[in-house]
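First comes the structure, then the notes that go with it.
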2 protein chains.
Amino acid sequence: MREISKRDRILDAAEELFAERGFDGVTLRQIASSAGVDVALANYHFGKKLELFNAVFERRSALLNKSRLDALRKVQAEQADTGPSVEQIIEAFLRPLELTQEMADPGWRHYLALIAYVNNSTYWGKRMMSKLFDDLVQEFIAALRQALPTASDQDLYWCYHNLSGALTLTLAQTERIDTLSGGLCKSSDFQAAYDHMIPFVAAGFRKVCGAKE
Amino acid sequence: MREISKRDRILDAAEELFAERGFDGVTLRQIASSAGVDVALANYHFGKKLELFNAVFERRSALLNKSRLDALRKVQAEQADTGPSVEQIIEAFLRPLELTQEMADPGWRHYLALIAYVNNSTYWGKRMMSKLFDDLVQEFIAALRQALPTASDQDLYWCYHNLSGALTLTLAQTERIDTLSGGLCKSSDFQAAYDHMIPFVAAGFRKVCGAKE
DNA sequence: CTTATTTTTCAACAAGCGTTGAATGACGTT
DNA sequence: AACGTCATTCAACGCTTGTTGAAAAATAAG
């Protein structure tokens, strides 16, 4: 069994702490302490604090984009004649996230919570989200445009905005729904979250972007 | 024309800056400078930094809750026989927010962006959201339960979670949809946001919580 | 074994932080 | 005009922050 390098331990610790408290809510000393290394080591490997943040944010993005795009290509291949349905597209967009979140390794869970933090932030979001995720999102919107041929682009983007919001709150794992529902629903129950989100969002798309009777 | 007190100028400045950069992303010196007062004055009026944050967060909550509850009571009174429809309930939940966001005073816009920050944060959200907004939310969920009599509570809460996410991202005003849509949709166009969100969410509720055929 | 190179720690820096106590200003009451 | 109260500023405190250069340890190369 291979040891985890100190460099990776710093990334892991930073990932978890940044996701929970945000960029300014965490000090390099906390990260170093949580990783069990000296403060200066983060600087040696990554440079400034902001560069460490970027390194964390970019580490898993390519892998994530690939698994989601693969899921889309798969349903597109399966429905080569008619094209995939709205539900199938949404499913390809969401299920890969569920899979990583339910893995034994908590790293992916922290990473997706970090994405939620960035995506919901005016200050960080504009800079960071587009660069890494725009291409993928446009790919999915193109598929939706084909599945909903009567939709205007404006309607499509606003519907995606709703989808993105519902997803973001799920990724954040705020546990708010736990207290609100008296323990009936749990933020950690990702399968239940996506099982409800997929038909909910698909129905929304159909209603707003579907044929006008 | 009445002068704005320095105390209120501190609240206004803190509201805007906290909403944009989060609790730890803002210093008391930035707040004081933006308000045009001395650093020590924030401490005199509000105590510690965290107490200032709480003061900002609570300042407008009662007023906001009242306007949303009034909107709900109104549609309930109008439809005393059948009870309000899902669309009417969602509309009562959302439109008061749109109204405050479109006011000339930008304070409300900043305040709702702050709510988005808190609601999406594991660290702050658990403590702060429930205390101020749970009663109101349960009131709306009760109304939805009545409009969707076949729904299980679990389904209802998960659907509310989706609604809350879509709303939160709108409140945050990240401008992500602006770049994504190439300027076709604007985060600042609240009317368009809610015009699309209401039918979208209502359709989701009906699909997930409606009668099973 | 020696030498280079990379990784890690140590010690310290200047800057900025939240917070405080005392001094000053403003303002209405008597 | 003198007083007391509230509002505001000033100056400074102890502490933590991100960052750095040099020392030490580990690893690889010859």
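Naming: A, B, ... by sequence-line order, numbering from 1 per chain.
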Identify, residue by residue, the members of residues 16-23 of chain A with a heavy atom below 4.0 Å from DNA chain C, and return them in order of residue number, or none.
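Within residues 16-23 of chain A, no residue comes under 4.0 Å of DNA chain C.
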
Separation of [N] [atom2] from [X] [atom1] (nearest whole Å):
| X | N | atom1 | atom2 | answer |
| --- | --- | --- | --- | --- |
| A/I31 | D/dT16 | CD1 | P | 18 Å |
| A/F46 | D/dT19 | CZ | C1' | 16 Å |
| B/L11 | D/dA7 | CG | P | 14 Å |
| A/L28 | D/dT19 | CG | P | 6 Å |
| B/L41 | D/dA11 | CG | P | 16 Å |
| A/R29 | D/dC15 | CZ | C1' | 11 Å |

Do A/Y160 and A/Q138 have side-chain N/O donor and acceptor atoms under 3.5 Å apart?
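No.
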
Could you check whether B/D155 and A/H196, counting side-chain N and O atoms only, form a donor-acceptor pair closer than 3.5 Å?
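Yes, B/D155 and A/H196 have a side-chain donor paired with an acceptor closer than 3.5 Å.
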
Terminal contacting nucleotides, 5' and 3', DNA chain C versus chain B (heavy atom, 4.0 Å):
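Using the under 4.0 Å cut-off, the span is C/dC17 to C/dT20.
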
Please answer whether the main-chain N or O of [Y] pairs with a side-chain N or O of [X] as donor and acceptor at a distance below 3.5 Å.
| X | Y | value |
| --- | --- | --- |
| B/T170 | B/A166 | yes |
| A/Y111 | A/F57 | yes |
| A/T168 | A/S164 | yes |

Return the polar atom pairs (N/O with N/O) between nucleotides 21-23 of chain D and the protein under 3.5 Å, or none.
none

Restricting to pairs with a member in [range], which pass salt bridge (charged side-chain N to carboxylate O under 4.0 Å, His left out), not counting sequence neighbours?
| range | result |
| --- | --- |
| residues 23-41 of chain B | none |
| residues 183-205 of chain B | B/R95-B/D195 |
| residues 115-143 of chain B | A/E175-B/K126, A/R176-B/D134, B/E58-B/K131, B/R73-B/E139 |

Within residues 11-47 of chain B or reaching into it, pairs that qualify as ring pair (Phe, Tyr, Trp, His ring centres under 6.0 Å) - sequence neighbours excluded
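Residue pairs passing ring pair (Phe, Tyr, Trp, His ring centres under 6.0 Å), neighbours aside: B/F18-B/F23, B/F18-B/F53, B/F23-B/F53, B/F23-B/W124.
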
Can you sort out the partners of A/D12 under salt bridge (charged side-chain N to carboxylate O under 4.0 Å, His left out), two or more places apart, ordered by chain and number?
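With sequence neighbours excluded, A/D12 shows a salt bridge (charged side-chain N to carboxylate O under 4.0 Å, His left out) to A/R59, given in chain and number order.
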
My understanding is that only residues two or more places apart in sequence, or in another chain, count here; which of them pass salt bridge (charged side-chain N to carboxylate O under 4.0 Å, His left out) with B/E87?
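B/R206.
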
B/D38 or A/D38, whichever maps to the more 5' nucleotide of DNA chain D:
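Its nearest nucleotide lies further toward 5', so the answer is B/D38.
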
Those residues that, when tested against B/S187, pass side-chain hydrogen bond (donor to acceptor under 3.5 Å, both in side chains) (two or more places apart):
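By the side-chain hydrogen bond (donor to acceptor under 3.5 Å, both in side chains) rule, B/S187 matches B/D178.
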
Could you pull out all residues at least two apart from A/A35 that satisfy side chain to side chain contact (heavy atoms under 4.5 Å, CB included)?
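Partners of A/A35 under the side chain to side chain contact (heavy atoms under 4.5 Å, CB included) test: A/R9, A/I10, A/A13, A/V37.
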
DNA chain D contacts made by residues 47-58 of chain A, counting heavy atoms under 4.0 Å
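The answer is A/K48, A/K49.
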
